[in-house]
Amino acid sequence: MKNITVRAIKWIPVDKNHNINADAYKFISDSQYTQYQALNIAMSHMMMIYYRHNRNITSQAYKDDLKNFKYNADNILFYELGFRGKGGKGGKCKGVDTLSAVQQRIKADFSTALSHGLAKGERSINNYKRTYPLLTRGRHLKFYYDENNDIYIKWVNGIEFKVILGRKDKDYLEMMHTLNKIITGEYSLGESKIIQSGKILILKVTIDMGEIKKKEFKQENIMGIDLGINIPAYACLGNSTYVKKAFGSKDEFLKVREQFNARIKRAYSQAQLAKGGKGRKDKLSSANRFKDKERNWVKTYNHQLSKAIIEFAIKNEVSQINMEKLEKDGFDTKLLGKWSYYELQNMIEYKAQREGIEVKYVNPAYTSQTCSKCGHTHKDNRKSQEKFICTECGFKLNADHNAAINIARSTQYVSKKKTA
């Protein structure tokens, strides 16, 4: 079974200098008006076929006429709307596959009308309004990243749009993940719609996410994830503690971050030495670009970690993932500034839910100080960031592994909402 979804994307048309492209608004408006006329003309033609054969949709004559609908509709629309060229491309809608899109939409809508009582007179045919969204094919939409990792979309006639995503939007991370899948070709695009309301443009894009594969989960398999300093994420099953895996490393992360920080400091230093004017502005701009690239790298790294974690969960038939509710004082403040743990949790959560895995948050108190074997809790149990040795029973284990077990087994569920 196909996994089809629709996403609404806010976008603005821009020229080669990234300024607003006013001509694009007029082109969309003109194309939308022509399509509105074409939809109503084609639907009327569809009804003529229907009544010509006495509403007998099972007759061979009706079926033959229906097969010729494309050719006949093309001719009617050519004369009525003044289309030019092969396939009806030209006129006001040059570059937009209007005729083909209209014919498919009319066939689908007419079939729906029949199944919902048109033959019994319980409903009428569709009457399309002037504001009906402009139909566009998936093959006409080319998503890509620019040099600043902003997302742009190439459309017909060389028109380009910049995708506008608010970082505070509820589904920002999921949307970025989805758009990245489109850019890499993992997801394909189907018929989409452009909605215009004044200067606001929305693309309702149809996304084919591939075949839905039935996944097997075991209710007793609950996985705990400990977010730490030396190891970004350590996952372990609560009922099978030997099923475990560490994801990422502090050294790997800090090496790249330190390289970015050195570049940023160097750019600021050069800006201070500049006498002013354009030279200083360019140096400051360079520092800001490095900051953006650093942030994008962190986001990409978190995507890689979260993807690997969910793949591990699916492989081990995990039905539920437990994570600690993050508190600001739960990690060293300096390091917390270098790593977006909260972003990583968000990515794990939405990717897990998309696979049908439940995510819950637990009270983080004492998970790192409690012995997963005997239950004894004491601050001296955690000898270091790496070592856990129980002062009661002598049980020894990697500290992150021990904490992940406790998180997996915890039933002290709390709300995810962050505290101030």
Side-chain angles (χ1 to χ4, degrees), residues 4 6-9 11 13 24-53 55 57 62-119 121-141 155-157 159 161 189-198 200-206:
I4 305 295
V6 177
R7 292 287 185 271
I9 301 171
W11 60 350
Y25 284 101
K26 185 177 187 307
F27 175 78
I28 292 172
S29 182
D30 288 345
S31 298
Q32 192 174 12
Y33 180 71
T34 304
Q35 177 189 267
Y36 142 76
Q37 293 177 292
L39 284 166
N40 285 303
I41 292 170
M43 182 58 82
S44 297
H45 181 63
M46 197 71 176
M47 284 299 293
M48 288 172 58
I49 297 174
Y50 181 59
Y51 284 117
R52 182 186 303 146
H53 300 285
R55 299 185 295 179
I57 60 175
Y62 173 81
K63 293 177 181 179
D64 290 340
D65 250 8
L66 208 58
K67 288 179 181 179
N68 294 325
F69 173 71
K70 181 181 186 305
Y71 172 79
N72 293 331
D74 275 1
N75 283 334
I76 291 174
L77 295 173
F78 282 152
Y79 289 121
E80 294 284 350
L81 303 178
F83 280 93
R84 300 190 304 272
K86 184 179 179 181
K89 296 178 181 178
K92 294 181 179 180
C93 308
K94 183 178 180 182
V96 182
D97 198 2
T98 301
L99 288 185
S100 180
V102 164
Q103 289 154 16
Q104 289 196 13
R105 172 52 47 195
I106 291 300
K107 284 185 176 181
D109 289 349
F110 189 77
S111 177
T112 300
L114 284 174
S115 63
H116 286 78
L118 177 64
E122 295 174 355
R123 66 161 294 169
S124 59
I125 59 170
N126 294 49
N127 182 24
Y128 301 92
K129 296 183 179 180
R130 168 70 177 83
T131 55
Y132 191 85
L134 179 62
L135 304 172
T136 187
R137 296 298 186 85
R139 62 171 177 262
H140 292 156
L141 301 166
W155 192 46
V156 299
N157 297 337
I159 298 174
F161 298 84
L189 304 178
E191 182 185 276
S192 302
K193 298 178 180 179
I194 300 173
I195 301 171
Q196 181 175 11
S197 178
I200 298 176
L201 290 175
I202 301 293
L203 172 67
K204 296 196 75 171
V205 60
T206 302

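Everything numeric in this text was worked out from a predicted model, so none of it was measured. Heavy atoms only: backbone and side chains are in, while hydrogens, waters and symmetry mates are out.
Without hydrogens or angle criteria, T206 side chain to E191 main chain gives a donor-acceptor distance under 3.5 Å. Using modelled atom types, no side-chain atom of S111 and backbone atom of K107 make a donor-acceptor pair closer than 3.5 Å.
Taking the six-membered ring where the residue is Trp, Y50 and F110 present perpendicular rings, their angle passing 60° and hence far from 30°.
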Side chain to side chain contact (heavy atoms under 4.5 Å, CB included) between I194 and W155, worked out: CA-CA 11 Å; I194 300 173; W155 192 46; 3.5 Å; yes
Q35 vs R105, side chain to side chain contact (heavy atoms under 4.5 Å, CB included): CA-CA, chis, key distance, verdict: CA-CA 11 Å; Q35 177 189 267; R105 172 52 47 195; over 6 Å; no
Candidate pair D109 and L39, rule side chain to side chain contact (heavy atoms under 4.5 Å, CB included), full reasoning: CA-CA 10 Å; D109 289 349; L39 284 166; 5.9 Å; no
Intermediate values then yes/no, side chain to side chain contact (heavy atoms under 4.5 Å, CB included), R130 and Y33: CA-CA 6 Å; R130 168 70 177 83; Y33 180 71; 3.0 Å; yes
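The nearest pair of heavy atoms linking V205 to S192 is CA-OG, 3.3 Å. Closest approach of D65 and R52 over heavy atoms only: OD2-NH1, 2.5 Å.
Atom CD1 in I159 sits 12.0 Å away from atom NE2 in H140 (nearest 0.5 Å). The structure places NZ of K193 at 11.5 Å from CD of Q32, a figure rounded to the nearest 0.5 Å. A distance of 12.5 Å separates CG in L189 from CZ in R7, rounded to the nearest 0.5 Å. A distance of 4.5 Å separates CZ of F27 from CG of N157, quoted to the nearest 0.5 Å. With rounding to the nearest 0.5 Å, the separation of CD in Q196 from CG in L203 is 13.0 Å. Here the CD1 atom belonging to I195 is positioned 11.5 Å from the CD1 atom belonging to I200, to the nearest 0.5 angstrom.
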